[in-house]
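To keep things clear, I will list the structure first and then write my remarks on it.
Note on naming: letters A, B, ... go to the chains in the order of the sequence lines (proteins, then strands), and numbering restarts at 1 for each one. Everything numeric in this text was worked out from a predicted model, so none of it was measured.
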2 protein chains.
Amino acid sequence: MATDPERLLRTDAARNVERILRSARKVFTESGPDAQLDEIAQHAGVGSRTLYRRFPNKAVLAKAALEQGIAEYIAPAIEQALLDDDPLRALTSVIDAAMGLAAQEHNTLAAARRAGAVISDAIGPYYTSLTLLARRAQQAGRIRADLVPEDLPRIMAMLFSLLWTMDPASEGWRRYLSLILDGMSPAAATPLPEPVPLRPSSQPRNWPI
Amino acid sequence: MATDPERLLRTDAARNVERILRSARKVFTESGPDAQLDEIAQHAGVGSRTLYRRFPNKAVLAKAALEQGIAEYIAPAIEQALLDDDPLRALTSVIDAAMGLAAQEHNTLAAARRAGAVISDAIGPYYTSLTLLARRAQQAGRIRADLVPEDLPRIMAMLFSLLWTMDPASEGWRRYLSLILDGMSPAAATPLPEPVPLRPSSQPRNWPI
DNA sequence: ATGCAAGTGGCAGTCAACCGCCTCTTTGTT
DNA sequence: AACAAAGAGGCGGTTGACTGCCACTTGCAT
């Protein structure tokens, strides 16, 4: 998950990684996004040196913790959505699930954001399924034809950013999801400007590289 | 700008504040969002202790630096827009100006973001004019009637967040502005969910208060 | 069961943000 | 010109993220 040679971890090490991520989510949620990494390590029952061995910095840790949450919440939501016979409802139900998780884990999200991580590409593993859902909605004529897959993580990024302008639990983001869905409707007339490429790997990104 | 009793600063102190902000913008732009505050102080020709006296932390500094840029770029754009006889073009021209500044100063923006500041309320002083422009467009039937003033900073926040998903200079955000404008069109049918209040003062916001 | 690679975690150290203290300089007023 | 208040900034200190070193433990292949 953080070691360079994508090698399998020993079972005890894998268990530690799991516990660290779960502790990170819990501690961020309870103590806020400025929670110290030592506290997380302690909560996980490992030495802080072990935490740092697996996760080189706070950005990677917070993002990985978020990915754990995503795996638990979004993956099942996608499973369900793929079975839905209303393709627009299928797509929005996944967005709903993602926003629900984001609101619930907003402190973890905030920690990742403050550490400089770009969240939108945490959807990574589900990009393909998400694209499929969008294409289905397109083919059914429920969303405009000129949308491309790269639009999805960006729309998610826009929705996420709303959480800092409101009480995250308020579901006030639904208003803007509605606005954006109106913009995504096939009835929307204005032809869209050309899409530009996503930032390749928008991870810890220190300077000048 | 940071002192509690909103008192006037001595002229030399005001000059220093000015220089610090200008240096912050320059140094962030040239050395990236992780630039050290000592470097900024040095560039401004003041001691680091002076910088910290005026700006209690990096978030406040970066946000104030951004506000300096806003004052220089957005204020004139609003002046012009208020004279425009096409109210939709007037509104979008201001958004254009804001995004142009944001793209140009994306490192300062990133510094503020990483330090935990919420950028959308940096529009503060221009909220009234922006609201006026929006209301004009509404009365001319160019944008839907159910939009409220609080929607504007949030739409700006959404657009800003796009910058981290692309090369900030690419103007790729125009695609999503277009999408959102389609959603803002009076032709858009879906009634919007109720708006929720903006976060009161979304500034340094340490935990648990 | 055993040997070794893989993993752990304590310790001490670096580096940057940020603060209190305290002396010296500058401004604006009379 | 003279003075009180405001401001500057050096120094040393604290805190939290993160690292190298290294002796100790543990999973697992044989």
Grab the CZ-C1' distance between A:Arg15 and D:dT25 for me, whole Å please. 13 Å

Taken to the nearest whole Å, CG/B:Asn57 to C1'/D:dG16 is 15 Å

Contact summary for B:Ala134 and B:Ile143, nearest pair of heavy atoms: O-CD1, 3.7 Å

At less than 4.0 Å, is any side-chain N or O atom of A:Thr50 found next to OP1 or OP2 of C:dG9? Yes or no. yes

Could I get the full list of side chain to side chain donor-acceptor pair (under 3.5 Å) partners for B:Ser161, not counting sequence neighbours? none

The side chain of A:Tyr52 is closest to which nucleotide in this list: D:dA17, D:dA8, C:dC18? D:dA17

Any side-chain N or O of B:Ser48 less than 4.0 Å from the OP1 or OP2 oxygen of D:dG9? no

Sugar-phosphate, base or nothing in reach of A:Ala14, heavy atoms under 4.0 Å: nothing

Looking at the side chain of A:Leu37, which of D:dA17, C:dG7, C:dA17 is the nearest nucleotide? D:dA17

Between C:dA5 atom C1' and A:Leu8 atom CG, what is the distance in whole Å? 15 Å

How many Å lie between CG on B:Asp34 and C1' on C:dA17, as a whole number? 13 Å

Suppose we screen for side chain to side chain donor-acceptor pair (under 3.5 Å). Which residues come up paired with B:Ser23, at least two apart in sequence or across chains? B:His43

Select base, sugar-phosphate, or nothing to describe what B:Ala41 touches, counting heavy atoms under 4.0 Å on all strands. nothing

Looking only at side-chain N and O atoms, does A:Asn16 come under 4.0 Å of OP1 or OP2 in C:dT8? yes

Non-neighbouring partners of A:Asn16 that pass side chain to side chain donor-acceptor pair (under 3.5 Å), sequence neighbours left out: none

Rounded to whole angstrom units, what separation is found between the CG atom of B:Leu9 and the C1' atom of D:dA6? 10 Å

Residues forming a side-chain contact (heavy atoms from CB on, under 4.5 Å) with B:Leu159, sequence neighbours excluded: B:Ile95, B:Met99, B:Ile155, B:Leu162, B:Leu177, B:Ile180

Check nucleotides 20-24 of chain C against the protein and report each pair of N or O atoms closer than 3.5 Å, with its distance, or say if there are none.
from	atom 1	to	atom 2	distance (Å)
C:dG20	N7	B:Arg49	NE	3.3
C:dG20	N7	B:Arg49	NH2	2.9
C:dG20	O6	B:Arg49	NE	2.6

Run the salt-bridge test on A:Arg25 and A:Glu30 with the 4.0 Å N-O cut-off and return the result as yes or no. no

Would you mind telling me which of D:dC18, D:dG16, C:dG7 lies closest to the side-chain atoms of A:Gln36? D:dG16

List in chain and number order the residues that pass salt bridge (charged side-chain N to carboxylate O under 4.0 Å, His left out) with A:Arg142, two or more places apart in sequence or in another chain; answer none if no residue qualifies. A:Asp86

Partner residues of A:Leu132 under the side-chain contact (heavy atoms from CB on, under 4.5 Å) criterion, sequence neighbours left out: A:Leu82, A:Arg136

Please list, chain by chain and in numerical order, all residues satisfying side-chain contact (heavy atoms from CB on, under 4.5 Å) with B:Ala35, sequence neighbours excluded. B:Val27, B:Phe28, B:Ser31, B:Glu39

Nearest-Å distance, CZ (A:Arg114) to C1' (D:dG16)? 15 Å

Work out how much the helix from C:dA1-D:dT30 to C:dT30-D:dA1 bends between its end axes, five pairs an end, to the nearest 10 degrees. 20°

I need the CG-C1' distance between A:Leu51 and C:dG9, as an integer number of Å. 12 Å

The criterion is salt bridge (charged side-chain N to carboxylate O under 4.0 Å, His left out); which residues satisfy it with A:Glu171, sequence neighbours excluded? A:Arg174

Mind checking side chain to side chain donor-acceptor pair (under 3.5 Å) for B:Arg154 and listing every partner two or more places apart, or none if nothing turns up? A:Thr165, A:Tyr176

For DNA chain C, whose closest nucleotide is more 5', that of B:Asp12 or that of A:Gly45? A:Gly45

Specify the separation, in whole Å, of atom CG of B:Asp38 and atom P of D:dG9. 13 Å

Ignoring the backbone of B:Lys58, work out which of C:dC18, C:dA16, D:dC18 is nearest its side chain. C:dC18

Taking atom CD of A:Gln80 as the centre, does the number of heavy atoms from other residues, nucleotides or ligands within less than 6.0 Å exceed 12? no

Among D:dA17, C:dC18, C:dG9, find the nucleotide with the atom closest to the side chain of A:Val46. C:dG9

Say you draw a straight line from OG of A:Ser185 to CZ of A:Arg144; how long is it, rounded to the nearest 0.5 Å? 8.0 Å

Atom pairs under 3.5 Å: protein N/O with N/O of nucleotides 2-5 of chain D:
none

